[in-house]
Amino acid sequence: MKIIHLIFALCLLLIYGFTPIVAQNISNAKDSVIIEGISLIGNNRTKTSVIERELVFKKGDTLKLSEIDDVILKSRENLLKTSLFNFVDIKQQYQDSGRVIIEITLQERWYLVPKFKINSVEENFNAWALTSDFNHLNLSMTISDVNFRGNNEKLSVSGSIGFNKSLGLKYYRPFITSNHKIGFGAEFLWVSNQETTLGLFDYKSKFLRCDNNSLLTQYITTALLHYRPTLNIDELLSLSYSSITVDDTLYKANPRYYLSQKIDLLRVFSKLKVDYRDNKSYSLEGSYYDLIAEKQWGVNSSKNREDYSALTINSRWYYKFSKKWFGAFGITGSKSWTNDNSQYMGLRIGQSGLEVRSFEYYLIPVSATAIGRVAFKYRLLNQPKKSFKFMGNPKFGIVHYAVYASIYADGALVDYDLNANYEQNMHISKNWLSSVGAGLDLSTYYDIVLRTEYSYNFVFQKWNFFIHFKAAI
């Protein structure tokens with residue numbers, strides 16, 4: 001009888017004890033999938049390891065159904081941010097028993113393209129347009145292979161003619177270790193200036209030109225180390241040596257600006273970046289942060305030895321409010337430390353990274369600044385994929401573009417560096433610089449952005465029209 005009771009108890013245990021566990025395992029299987037394989041299509045040149053480095057999943061991973069769409073979206077954004085592909089499509093091919101094959105279709109860019117660029121000795125195009133001095137223009141050409149050997153390596157040769165002559169060679173490889181976290185690079189640059197900055201006059205650059213010989217000759221050698229511990233975080237560390245020769249004509253024109261005819265500089269530069277943007281050239285969603293530190297000092301025996309340090313913090317946030325409305329916000333803080341001998345160094349409102357919209361005509365020396373930017377955008381036109389049949393190559397025949405109308409406001413709290421101005425009749429007394437405006441942005445592939453703006457400058461109380469070739473925030 002006891003045996004019958006034992007058998008009956010075991011039956012009850014099987015029915016009411018183990019059954020729920022089995023049912024729970026079946027339920028869990030339905031809530032998740034196993035990545036059985038990853039299929040790549042279109043990577044004719046790019047190596048598989050380069051693509052897999054950007055994916056947030058790998059073969060054999062188990063993913064919840066609720067998270068697979070987000071994982072695929074993030075992987076697509078990472079691949080687009082490499083600037084190796086014009087288009088990336090990722091699809092799921094479901095198999096039996098909760099398994100899935102991820103199919104990634106890529107359209108590679110044209111990697112070997114000569115780039116011609118006309119730039120000016122002024123800080124930006126708008127400052128040059130104010131005088132339209134064609135002697136200030138410079139024609140440069142760069143031939144780059146941005147996916148050298150299919151490893152996402154970058155090899156480029158550059159040169160320029162015009163107000164300066166230059167020749168440069170640059171190589172960069174994003175990873176050299178098996179874990180794909182450490183990369184390195186090197187660069188050599190020779191520059192010979194026939195026109196160069198003599199100082200500042202009323203917050204605008206003052207130039208000196210010599211058609212017969214070079215006023216400023218520079219040899220710059222740089223080595224860099226790149227560390228990327230995660231997909232969204234990377235650290236760039238570089239060491240540069242610059243040898244600068246100042247011509248007698250330039251030296252005598254402003255001995256307060258160039259205190260020595262032979263300047264040898266060491267520069268240590270560090271940039272820690274945390275990037276969660278959906279697109280690096282024209283962002284609509286996500287966030288971005290960086291911390292930039294640099295130190296320059298003279299290494300020659302001159303008694304007027306240069307010494308300069310700077311620290312900059314950037315934060316940017318991007319929001320999608322609806323299908324067509326977007327917002328962007330940015331905060332930049334910067335502080336510099338310099339001795340009186342480093343007049344050609346230092347921070348300037350108007351230089352790259354410290355722009356305040358509607359102040360494009362000026363370079364305002366500061367020792368410290370905090371800049372805030374805000375913009376709201378409305379998408380007028382969006383063409384994710386447009387085909388031009390008369391162009392046979394899909395790398396050029398298929399494009400994407402979008403047009404946005406924007407309104408914005410910028411403000412900067414500044415602490416002026418009065419020693420950095422060579423001459424001035426104009427003095428800005430306000431420590432708060434601000435502007436408002438509206439504009440149109442065109443964003444398309446190959447990281448091309450065209451921005452037009454009409455803005456009001458509260459300090460100078462003027463309306464101005466400006467053109468730019470990169471996103472504002």
Side-chain angles (χ1 to χ4, degrees), residues 81 123 154 170 172-176 181-189 218 220-244 263-277 280 283 286-300 304-317 329-356 363-373 412-417 419-420 470-471 473:
K81 283 193 290 187
E123 189 69 24
K154 295 176 177 61
K170 185 175 183 179
Y172 169 71
R173 178 164 182 172
F175 56 87
I176 56 175
K181 292 183 178 181
I182 299 177
F184 80 101
E187 181 178 10
F188 173 79
L189 180 64
Q218 303 180 65
I220 306 170
T221 303
T222 302
L224 63 88
L225 190 67
H226 184 205
Y227 176 58
R228 189 184 181 193
T230 70
L231 292 173
N232 302 105
I233 301 174
D234 64 68
E235 159 68 20
L236 178 66
L237 180 66
S238 68
L239 176 65
S240 300
Y241 173 78
S242 302
S243 178
I244 306 170
I263 305 168
D264 295 313
L265 293 174
L266 274 178
R267 178 177 184 253
V268 178
F269 176 87
S270 170
K271 183 174 183 178
L272 175 64
K273 182 172 65 176
V274 181
D275 191 352
Y276 288 95
R277 296 173 295 175
K280 70 176 184 180
S283 307
S287 60
Y288 173 91
Y289 313 91
D290 68 42
L291 174 63
I292 302 172
E294 69 170 301
K295 171 73 174 179
Q296 294 190 60
W297 66 93
V299 295
N300 58 355
N304 299 315
R305 183 166 294 179
E306 292 78 8
D307 190 2
Y308 173 75
S309 305
L311 183 67
T312 300
I313 301 174
N314 287 298
S315 300
R316 305 173 203 163
W317 301 272
F329 309 88
I331 298 175
T332 299
S334 196
K335 170 66 178 172
S336 68
W337 298 266
T338 180
N339 61 12
D340 294 336
N341 303 331
S342 304
Q343 304 242 357
Y344 48 88
M345 301 178 186
L347 303 175
R348 312 278 192 269
I349 294 293
Q351 74 187 44
S352 179
L354 296 182
E355 298 95 343
V356 177
L363 284 172
I364 303 173
V366 295
S367 58
T369 183
I371 304 172
R373 307 179 183 94
L413 185 64
V414 299
D415 187 5
Y416 297 106
D417 183 3
N419 292 326
K470 66 176 183 178
I473 302 177

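- For the side-chain contact (heavy atoms from CB on, under 4.5 Å) test, residues two or more places apart in sequence or in another chain that qualify with Ile473 are Arg316, Tyr318, Ala328, Arg357, Arg373, Ala375.
- Nearest heavy-atom pair across Gln296 and Met345 is OE1-CE, 3.9 Å.
- The shortest heavy-atom contact between Ile244 and Asp264 is N-OD1, 4.5 Å.
- Panel note: side chain Lys154, backbone Gly185; no donor-acceptor pair is recorded below 3.5 Å.
- A donor-acceptor contact shorter than 3.5 Å links the side chain of Thr369 to the backbone of Leu413.
- In this structure the side chain of Leu272 reaches within 4.5 angstrom of the side chain of Ile233, judged on heavy atoms.
- Here Lys181 pairs with nothing under the salt bridge (charged side-chain N to carboxylate O under 4.0 Å, His left out) rule; sequence neighbours left out.
- Between the side chain of Gln351 and the main chain of Ile349, no donor-acceptor pair closer than 3.5 Å is present.
- Residues passing the ring pair (Phe, Tyr, Trp, His ring centres under 6.0 Å) test with Phe175, sequence neighbours excluded: His180.
- Side-chain N/O atoms of Ser242 and Gln218 include no donor and acceptor closer than 3.5 Å.
- The backbone N or O of Asp415 lies less than 3.5 Å from a partner atom in the side chain of Ser367, making a donor-acceptor pair.
- Every residue was checked against the salt bridge (charged side-chain N to carboxylate O under 4.0 Å, His left out) condition with Asp290, not counting sequence neighbours, and none meets it.
- Proximity of Asn314 to Ile292: side-chain heavy atoms (C-beta onward) are separated by under 4.5 Å at one or more points.
- One finds a salt bridge joining Lys295 and Asp307 here, because a Lys/Arg side-chain nitrogen approaches an Asp/Glu carboxylate oxygen to under 4.0 Å.
- Side chain to side chain, Trp317 and Tyr276 fail the donor-acceptor criterion of an N or O pair below 3.5 Å.
- Taking all atoms of both residues into account, the shortest heavy-atom contact from Arg348 to Leu354 is O-CB, 3.7 Å.
- Below 30°, between 30° and 60°, or above 60°: for His226 and Tyr172 the angle between ring planes is between 30° and 60°, a tilted geometry.
- In this structure, the side-chain contact (heavy atoms from CB on, under 4.5 Å) partners of Thr221, at least two apart in sequence or on a different chain, are Phe188.
- Side-chain contact between Val268 and Leu237: present, with at least one pair of heavy atoms (C-beta onward) separated by less than 4.5 Å.
- Every residue two or more places apart in sequence or in another chain that forms a salt bridge (charged side-chain N to carboxylate O under 4.0 Å, His left out) with Glu294 is listed here: Arg267.
- Between Val299 and Tyr241, some side-chain heavy-atom pair lies under the 4.5 Å cut-off.
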